[in-house]
Amino acid sequence: MSSQKNHPFHLVDISPWPILGAFSAMITMIGLIKWFHFYDNSLFLLGSTITLLIMYQWWRDITREGTFLGLHTYPVTMGLRWGMILFITSEVFFFVSFFWAFFHSSLTPTIELGMVWPPKGITPFNPIQIPLLNTLILLTSGLTVTWAHHSLMENDYTQTLQGLSLTVLLGVYFTMLQAYEYVEAPFTIADSVYGSTFFIATGFHGLHVIIGTTFLAVCLVRHYYNHFSSIHHFGFEAAAWYWHFVDVVWLFLYISIYWWGS
């Protein structure tokens, strides 16, 4: 039987990672519930560790297929592009729910909140301090990742390396500043609907920044090892798209929650 195929599509090999990934996600969520109810995070940490190990091995396999085995043909790459576009679209609606909750509560504050926004007793953050600095950091990182992308398309190895390195550093800096802001916060997630919407919206955005920074750090390592070319670098493009999405979400967060909401 011939091993040659007469189509441009990639029929993936049998892989253990999807089913193991599903089980590890289930363990993580059960561990999260156990942490909330019994104040024991051991199962959550175990599930998270297993999930990270599976993610590493699954994406290692995809990198091998696309970079070394040449299985990511043009039709396959177009499928990956549409998959990433639809994923980012789902993320947009994910954040829409948080903004919906925020504006629902802030535009018509109830009598329990004192009929004012922010609610009585809540001291909001000054929007021209750390939040403004974080805005400048993310906008700058958007410029550096675009610089890296254009340098890659022009086969400029050094400038791509520089642009990606700066973007990763700015992502880490943003996360450190947000962690400091959380530590110094004068209110908690339990302080009325203001605390809930603030920490859920900004917290999930912070998680997305960590994911995006990791995504770009992997691209940095892959670029260092010459995995990308000027015409074949969708892994980097997907990371750049995701990072721009994170930038835009932060702008909406800053304008609505930090600036208008304060």
Side-chain angles (χ1 to χ4, degrees), residues 8-13 15-29 32 47-48 50-67 71-101 138-139 141-142 144-146 148-149 152-153 164 167-168 170-171 174-175 200-223 227-228 231-253:
F9 304 104
H10 176 208
L11 303 180
V12 296
D13 297 327
S15 171
W17 309 131
I19 186 67
L20 291 178
F23 278 120
S24 69
M26 181 180 72
I27 292 169
T28 303
M29 289 310 300
L32 192 63
S48 300
I50 297 171
T51 302
L52 288 171
L53 290 172
I54 290 170
M55 287 162 58
Y56 171 78
Q57 293 171 99
W58 196 347
W59 289 330
R60 175 208 60 191
D61 289 351
I62 295 171
T63 299
R64 183 189 295 124
E65 292 164 358
T67 306
L71 297 174
H72 287 184
T73 59
Y74 179 76
V76 175
T77 304
M78 288 306 296
L80 292 171
R81 286 175 183 274
W82 277 109
M84 192 66 193
I85 289 169
L86 291 173
F87 168 68
I88 291 176
T89 303
S90 73
E91 291 282 276
V92 169
F93 285 100
F94 178 73
F95 277 99
V96 162
S97 65
F98 300 142
F99 285 108
W100 189 299
L138 275 191
L139 289 176
S141 72
T144 56
V145 78
T146 303
H149 189 198
L152 181 57
M153 289 191 292
L164 261 177
T167 308
V168 171
L170 289 169
F174 176 94
T175 302
I200 285 291
T202 59
F204 268 111
H205 177 268
L207 177 64
H208 282 69
V209 170
I210 293 171
I211 294 169
T213 304
T214 306
F215 203 170
L216 288 167
V218 171
C219 289
L220 177 62
V221 174
R222 292 188 64 194
H223 175 67
H227 286 190
F228 299 131
I231 58 172
H232 193 81
H233 55 262
F234 176 68
F236 173 77
E237 274 190 308
W241 292 355
Y242 189 83
W243 196 251
H244 288 309
F245 159 73
V246 168
D247 281 353
V248 172
V249 170
W250 175 259
L251 287 176
F252 280 101
L253 280 173

Would you indicate whether the side-chain heavy atoms of [Y] and [X] approach each other to under 4.5 Å?
X: Thr146; Y: His244; result: yes
X: Thr67; Y: His72; result: no
X: Ser90; Y: Phe87; result: yes
X: Leu253; Y: Phe99; result: yes
X: His232; Y: Tyr74; result: no
X: Leu251; Y: Leu139; result: yes

Look at the rings of Phe174 and His205 and say which category their plane angle falls in: under 30° parallel, 30 to 60° tilted, over 60° perpendicular.
->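 Phe174 and His205: perpendicular rings.
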Indicate the ring-plane relationship of Phe94 and Phe204, choosing parallel, tilted or perpendicular according to the 30° and 60° boundaries.
->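 Perpendicular: the ring planes of Phe94 and Phe204 meet at over 60°.
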Is the distance between the ring centroids of [X] and [Y] less than 6.0 Å?
X: His149; Y: His233; result: yes
X: Phe245; Y: Trp250; result: no
X: His223; Y: Phe236; result: no

At what distance, to the nearest 0.5 angstrom, does [atom1] of [X] lie from [atom2] of [Y]?
X: Ile62; Y: Gln57; atom1: CD1; atom2: CD; value: 12.5 Å
X: Leu80; Y: Ile85; atom1: CG; atom2: CD1; value: 11.0 Å
X: Asp61; Y: Asp13; atom1: CG; atom2: CG; value: 9.0 Å

Derivation and outcome, side-chain contact (heavy atoms from CB on, under 4.5 Å), residues Trp59 and Val218 | CA-CA 10 Å; Trp59 289 330; Val218 171; over 6 Å; no
Consider only side-chain N and O atoms of Trp243 and Ser141, and report whether a donor and an acceptor are under 3.5 Å apart.
->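 A pair is found: one side chain offers a donor N or O, the other an acceptor, under 3.5 Å apart.
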Quick one: do Thr144 and Thr167 satisfy side-chain hydrogen bond (donor to acceptor under 3.5 Å, both in side chains)? Show the steps, please.
-> CA-CA 6 Å; Thr144 56; Thr167 308; 2.7 Å; yes
Check against side-chain contact (heavy atoms from CB on, under 4.5 Å), Ile27 and Thr51 | CA-CA 9 Å; Ile27 292 169; Thr51 302; over 6 Å; no
